[in-house]
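Throughout, protein chains are lettered first and strands after them, A, B, ... in sequence-line order, and every chain is numbered starting at 1. Bear in mind the structure is a predicted one, so any value in this text is a computation, not a measurement. Side chains are part of it too, since the values below use all heavy atoms of this structure and drop only hydrogens, waters and symmetry mates.
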Amino acid sequence: MRKKLALFILLGWILLLIGDRVDELRVYQGAQIAMYAIALSSIVLLTGYSGQVSLGNGAMMAVGGYAAALTLNNLGSPVWFAFVMAVFVSALFGAFLGAAAARLSGPYLAGTTLALAVGLPEIANQFDFLGGVPGLLFDVGFPPERLGEEFTQYKWFFWIATFLALLSLFITSNILQSRYGRTWRAIRSNSLAAELSGVHAGRMKILAFTISSAIAGLAGAVLAMTISLVAPGAYTLALSFALVTGAVLAGVSSLPGVVFGALILVAIPEVADVLATRWGGDENLNNYLPGLIVSVLLILSVIFTPNGPGEKLKSRHHKKA
Amino acid sequence: MHLMSTNNAALRVEGVNVSFGGLRALNDVYLEIGKNEVVGLIGPNGAGKTTLFNAFCGLVKPDSGKLFLDGKEQDFPRTSNLVDLGISRTLQGVGLFGDLTVLENVMVGAHHLASSGLLSAALGRSGKDEKEMRTKSFSALERVYAGGLANRRADTLSYPDTKRVAIARALVSEPKILMLDEPAGGLGLQDIEWMNLLIRNLSASMSVLLIEHHMDVVMSVCSKLYVLNFGEVIASGNAETVRRDPAVMAAYLGTGAK
Amino acid sequence: MQKLLETFLIGLSTGSIYALMSIALVLVWRSTRVVNFAQAGQAMLSTYIGFEIATRTEIFWLGLLCAIAAGALLGAGVDYFFMRVLFKHAVSGPAAVVAPVIATLGLLGLVRSIVGLIWGGEFKSIKAPASTDGFTIGETTIPFSPLNLLIIVTVFIILIALAIIFQRTNLGLSLRASAYAPEIAQLAGIRTARTRTIGWAIAGGVGGVAGMLNTASNFLSPYSLDLLLVFGFIAAVIGGLESMVGSVVGALILGIALTFILNYVGTSLVFIGGFVVLIVVLLVKPDGIMAKGRARRA
Amino acid sequence: MIRKTRVKGTWLAATVLAVGSLFATALPAHAETGVSSSEIKLGITLPLTGAASPGYNKVGNAMNAYFKYVNDNGGVYGRKITLIQKNDEYSPQLSIAKTNELILKDKVFALVGPLGTANYTSVHKSVGIAKRGVPSLFLNTGFSGFGNKKTYPTSFMILPSYAMEAKIIAQFLKENHAGKKLGIVYQNDEFGIDGMGAFKAAGTKFDVSVAYTSGSQSAATAQTWVSQLAAGGAQVVVFFGVTSATAPLLAVAAAAKYAPQWILGSVGADPLTLRALGVPLAVLNGAQTAAGNPSPNDTSDEYIKQFQEINTKYNTGTAFDDYVLQGMNIGLMTVQALRAAGSNPTRKKLISVMEDKGSTFASVAYSPLGYSKTSNVGHTGYYMAVMDANGDRKPFGGKVTLYTTNSGTGPVVVSTFKRPAMPAKGLPSNS
C-alpha cells in the first residue's frame, strides 16, 4: 500500500512538471483528461466490476455538478466543500438509483439509465434555481496569488483536476483491490454462488451504484470547474455515450486503463481535426469525423477485444504460462 | 415413521411443503442431521432433493415447515444469511467465479469474516484483514489438497479440480453444516475415492448433508439416508435399513425410476 | 373538454409512431436478446433515403416505400454482417454483458456520422402527405390534423399486416418459434439464423416507417430520431419487452401520457416524464403490463 | 501477481508516453497572437448544425465571403484575413470548448460575431475573454447585459439590445394595437427574459405569455403554445425567439386556423429561412416585425447592392437574406476596425480604436452606433416593418421611421440619424 501511495505521489509530481512545461491548451486538455479519467473509473467500478450496465453516468455527473455549483453559489462555501458536496449528493442519488437498479438487469438497466441520461439534465429547465438552459456559474476562483503572475487559470484547473483524479483513482483502486472489488467481480460472474458464499448481492450492487455515482459526481464537478458553469448542455446523452466508449476502449475492467481511455477521448477530436483539415476541411467532415472515428474504434474494440486491449495482453501471458 | 428426534440435532426440519404454481414439489418433508454426522439425501431424478436444498438456502420459499438449528427454531434463512448461520452449500453446477483466481474464489467465501469496512478499504488500510483472509483461504485450499492451484484462473481448471475448489470455498467460512450437491457427479473412479476420503475427514469437524446419485459414495460415507420420491420422504435410516426397504426398491426400480 | 380531446388525439398519433419504434426493438430483442440502440440509426438512414426519394419525386408514399425497403435491407445487413461477427467474438469476460449494448451504440454513432458526412447536419423537412391544417369541429379548429389521422391509420394498417404475418403465415410461426425456443425450433427444421435475419429485416422496415412518419410532422436531422428511440424503448419496457401487443399498448399509453404532460404541465418535463413513467411501471408492474408472472431477471 | 504488475507497467508506460507525445507538440508563442506578416486570423463560434442552426449557419460563410472579397482586393495592409468558424450547436458547453480551441490552439487575433446569448455569457466567463484581453467584436446577440462595459471591457455589441427592441415594440403596441388582447411567446433564457423585463418596465401587460425552452421547439411543442394562445384569446402575439421556433409556431397556428396579428422579434423573422423550414410564405403576409437593416431585397440601397454582388461571386449558391446581410455587414465593420488599428495591429490597439472611432464606422443598419470609451453598445434603434405575401419587408406606414432608445429607462424617440455612406466598392480605405 505504501508503495502505491508513493507511486501516486510520484505520478502527481511528474504531471506537475509536465504542466509547467507545456502551453495552455495542453494544460487545459490535461485537466479534461483528468476529468474523464475520474468519470471513466466510475464506469469501470460499476460495469467492469459489479457488472451493471449504465448508460446514464452523464446524469450522475450532472447531479454532482449541480450540487457543487449550488453549494458554492448559495452557501458561499469554500471550493473544496463544493467538491465534497458533489460527491456526497451524487452518492445519495446513486444509492436511490441503485436501489431501483438492483432489481433490474441487462437491457432494463441500460434502458432505464439511458432514459435518465436524457431526462435528468432537462429538469434544470423546469426549475429556476437550477438556471435553465444557460445554467449556473461555477467559479472556483483565481489561483492563489503567491503562485505568481504567470500561473494561469487553466493551470489552476489542471492542478485541482489532477489532484482530484489522483486522489479518486487511489481510493478507487484500493476499493477495487479490496474484498469489495473481489465481491463485485464474484457477483458479476455468478450471483447465486456469491449469495451462497454469504454475499448480500443486492446490497453490494447498491453499494457499487453509490460509489460509482459519487465518483461520477466528482467528475461532474470537475467538468463544471473546467468550463466554469453547469448547464444541461454540458451533461448530454453524447457525454454518457462518450464515457461508455472511453470505458470500453480502456478495457471495462481495467482501472489503469481509464487514463488511456481519457486520453483517447481528448485526443480523438484533435486527430480528427488534423485529418479533416488535411482532407479539405469540409464542414461536414469537421463535424462528423470525430464521431466516425470513435464509432469505428468502439465497434472494432467490442468485436476484437471486448474486454479491452489490456485483457488481450493478459490472456496472452496466461497462455504462455 | 419419524425417527426419534434429539433436541440437539445440528439441523432438523419438519413438515416442509413447497409447491410451484399448484404443483406440489415437497410434501411434509422432515429431515434431521446430528452433529458430525454425514447424511445422504437420495432419490430418483425430480424427487425434490435439490428443491429441499433450495428451501434450506432461501432460494425457494416453503409454504410451511419448521427449521431447527441446534434445537432452536429458526425462520428459513435468506440466501446471503446462510453463512452466518454456519451453513455452507455447494452448487450442482459448481458455480465458480470464472475470471477470478482460485484463491480469490475461496476468499469470496471468507467475505463475511472481514471486519474492516469500506473506509479502511478505500484508504488502503484493510491489508491486515486481507492477509488473514488469504491465509484462511489458503488453508481451506490445502484442506482439499488444492493449494497448488491458488493462482490459477478458475476457468482454466479441470472439472475435478473445480469440485475441490468449490468445496474449499464452502469450507472457508468454517461451517457447522456443509451441504454438498452431487459432490461426486461427473468424477472418475480415482476422484470419487478421493472425495469419499475428504467427506469422511470433514465429518470430524462438521455435519455433512449430501445429495448423491453414486450409491458407492452414499453407502460408504453416509451414516444415515433419507430417500425422497415425488416430494415425500419414503424411507430413512442407516444404509442397510434403507436398502432393504421395499418402498425404496419400488421407487428405484418401479414406476419412479427413470 | 376540447383540450382534453385534442390532447388525447395528438397523444394517440404520437404514441402510434412510438409503437412502430418499440415494435422494431421488441422484434430484435425477441430474436437476438439484444436491445438494438442502432435501431434509431437504421431508421434515420432509411428515412434520409426516403427523404431523398420523396423530395425528388414529390411523392411521399414512394419515399415511404423506399424507406421501408432500405430499412429492411439495412436491418438484414446489420444482423448478417455485424451481429453474427459480434457474437462469434464477444462471448466471455467482464464485457460480455455490455458488449452487445455497446456494439449497437457504436453502430448508432457510425450511422449518424455517415449520415452527417453525406447530408450534413441541417434540418430537412418532407412535404407532408396530408394537410397539417387542423380539423374544424363546429366553430373551433383543433390542432389535430388530417396528417395526425393519417399517421394513426398508417400505423394501424402496418400493425394489422404484422399481426397477419405473425399469426397466419409459416414465416410468422418460424419467427415465433425461434424467439421462444430456438433449440426446439432448430430441431423442427427451422433455419433459425435465417429466420433471425428476417426478423431484423422486418424490424428495420418498421423503423423506416417510424422515421418517415416522424419526419412528416417534424424535422429530420442526424439526431432527430434519438428521442424516438428512447421513448420507443420505454414503451417496449412498459409492454414487457417480449410482447408486441404489449409494446403497442405501452407506446400508446406513453404517447398520451407525454402529450398530457406537454399540454398541462410543461415542456421541459416531457423528457423526465418518460423516465418517471418508466420507473413507475418498473416498480408497480416490473414485468410489464402484459406479464404473466415471469421474473425479470435476465 | 507478478504478471499482473507487468501488464500494469505496460499500461503506465504507454500512457506516460502518449501524454508526453501529446504535450510535446506544444508550440512556442509569438509576438502578437494571430497576426503574421501575411495573415490575420479571426475566429467565430456559431451553430452550424442543430436545432437553432437554421439561418445562423449562414453568418460565418457570409463574413468569409466578404473577407475573401477584401483579400482579393489587397487585404488589410497586405495581410489576408482568415476566418475560422467553429460549430457550437448553440450549446454553451461546446461554445466554451470551441472558443478555447480558437484562442489556445488556432491562436486567433480576435473573435468576431460570436453568436448566442447564453453561449457568450458562459464563454466570456469561462474562457476569460476580458482577462486575456481578447477583442471580441460585434457579438451576434442583443442581450442588454453585454452592454456592461465594466464586465465586458473587450467585447463590443452590434445589434440593438433585446431590451431596446422590446421597448420599441411596446411603444408600437401602444400606438397601433391599443385595447387588443396581447400574447407573447419567448425563449426562456437571457434572450427572452431580457425582452420580458423591458416590456414590464414599459408597462406592457400580456394576457397570455408562453415561455419555451431553447432546443425544445418542434411541431409538437408549438401545438401547446398555440393552444395556450388561442385559449387565452390573444389577438396580437409578440414572438421573441429563434427562427427554428418561429417556423413551427406559424405553421401550427396556420394549421389550426388561428391568425392573430403577429409581431415577430428581429431574431426569428427571416422569411427565406422560414420558408426553408416549411412555412408557407403566405402565412407571413401582414406580420409585423422590428428591423434594423433594410430589406435584403432592396437593391436601391447601396449597401445591399454591393453585398449582393459580393454574395453572388464569393458565396455562390447562397440566397441573400437577412443572415447573409448581417454576416457581410459584420465583415465590413471588422475590416474598418482592423484598418483603423493600423499596420501593426495589436489586441490593445484594436480595442482602443473601437472605442475611439467605432461609432463612425459605416454600417448597413439605419440607427447610430454607440461605441465610446465608456460604452460598448452597437446599434441603438429599430424601425417597424410589415411582411408582404412574398415575405418581403416593407417599412410600416410606407417609410422608415427610426426609433432609438437605450437598454435602460431612456425614452423611445424618433430619430433623424443619417447613416454614413458605404465606402467605395464596399472596400474601406484608411480611416
Side-chain angles (χ1 to χ4, degrees), chain A residues 1-8 45 48-49 51 87 91 167-205 207-208 210-211 214-215 252-254 307 311 314-315 317-319 321, chain B residues 53-54 57-59 78-85 87-91 93-101 103-114 116-130 133-134 151-156 166 169-170 172-173 175 179 181:
Chain A
M1 268 327 137
R2 285 260 164 79
K3 236 189 235 163
K4 195 202 272 171
L5 191 61
L7 179 76
F8 271 81
L45 189 149
Y49 276 72
V87 171
L167 183 69
S168 101
L169 287 181
F170 179 69
I171 288 175
T172 312
S173 110
N174 283 339
I175 293 178
L176 293 183
Q177 282 173 4
S178 75
R179 68 192 169 101
Y180 291 94
R182 185 167 55 240
T183 311
W184 283 323
R185 281 153 67 213
I187 294 170
R188 183 195 66 209
S189 174
N190 187 333
S191 110
L192 177 59
E195 291 238 7
L196 283 173
S197 303
V199 171
H200 293 267
R203 247 185 259 171
M204 285 300 289
K205 279 178 156 182
L207 182 68
T210 310
I211 299 176
I215 300 170
V252 250
S253 54
S254 147
N307 298 316
E311 183 77 7
K314 236 186 263 178
S315 65
H317 278 294
H318 271 290
K319 268 174 206 150
Chain B
F53 260 38
N54 286 348
C57 300
L59 295 173
R78 288 171 44 143
T79 312
S80 49
N81 287 338
L82 271 183
V83 169
D84 297 325
L85 295 173
I87 302 175
S88 264
R89 175 194 170 173
T90 65
L91 288 167
V94 182
L96 290 188
F97 312 120
D99 50 348
L100 271 63
T101 67
L103 187 63
E104 283 175 325
N105 260 280
V106 182
M107 284 171 81
V108 172
H111 177 79
H112 75 298
L113 296 178
S116 64
L118 184 65
L119 194 66
S120 55
L123 298 175
R125 301 311 224 122
S126 56
K128 206 176 128 216
D129 232 26
E130 280 283 290
M133 283 164 79
R134 190 169 294 129
N151 287 326
R152 293 263 299 273
R153 250 177 75 138
D155 55 7
T156 64
R169 189 175 65 190
V172 74
S173 61
M179 299 167 68
D181 200 344

Which heavy atom in B/Leu59 sits nearest to a heavy atom in A/Leu192, and how many Å separate them? CD2-CD1, 3.2 Å
Heavy atoms of A/His200 and B/Ser80 approach each other most closely as ND1-OG, 3.0 Å
Using a cut-off of under 4.5 Å on heavy-atom pairs, state which of [options] scores highest against chain B.
options                      : answer
A/Leu207, A/Thr183, A/Ile211 : A/Thr183
A/Ala186, A/Ser178, A/Gly198 : A/Ala186
A/Ala194, A/Ser189, A/Ala201 : A/Ser189

Please look at B/Thr79 and chain A and tell me whether the side chain, the backbone, both or neither of the residue comes under 4.5 angstrom of a heavy atom of that chain. both
Measuring heavy-atom distances to chain A, does B/Leu91 have an atom under 4.5 Å in its side chain, in its backbone, in both, or in neither? side chain
Using the side-chain hydrogen bond (donor to acceptor under 3.5 Å, both in side chains) rule, pick out the option among A/Arg185, A/Arg182, A/Arg179 that qualifies with B/Glu104. A/Arg185
Heavy-atom side-chain contact between A/Leu196 and B/Arg169 under 4.5 Å: no
Counting heavy-atom pairs under 4.5 Å to chain A, which of B/Met107, B/Arg78, B/Arg89 comes out on top? B/Met107
Taking B/Ala121, B/Ser120, B/Ser88, B/Gly109 one by one, which has the highest count of heavy-atom pairs under 4.5 Å against chain A? B/Ala121
Looking at residues at least two apart in the chain, or sitting in another chain, which of them share a side-chain hydrogen bond (donor to acceptor under 3.5 Å, both in side chains) with B/Asp129? B/Ser115, B/Ser116
Nearest-0.5 Å distance that lies between atom CG in B/Leu118 and atom CD1 in A/Ile175: 4.5 Å
A/Arg188 vs B/Asp99, side chain to side chain contact (heavy atoms under 4.5 Å, CB included): CA-CA, chis, key distance, verdict: CA-CA 10 Å; A/Arg188 183 195 66 209; B/Asp99 50 348; 2.3 Å; yes
The salt bridge (charged side-chain N to carboxylate O under 4.0 Å, His left out) partners of B/Asp155 (sequence neighbours excluded) come to B/Arg153
Residue part contacting chain B, namely of A/Leu176, when any heavy atom lies under 4.5 Å: neither
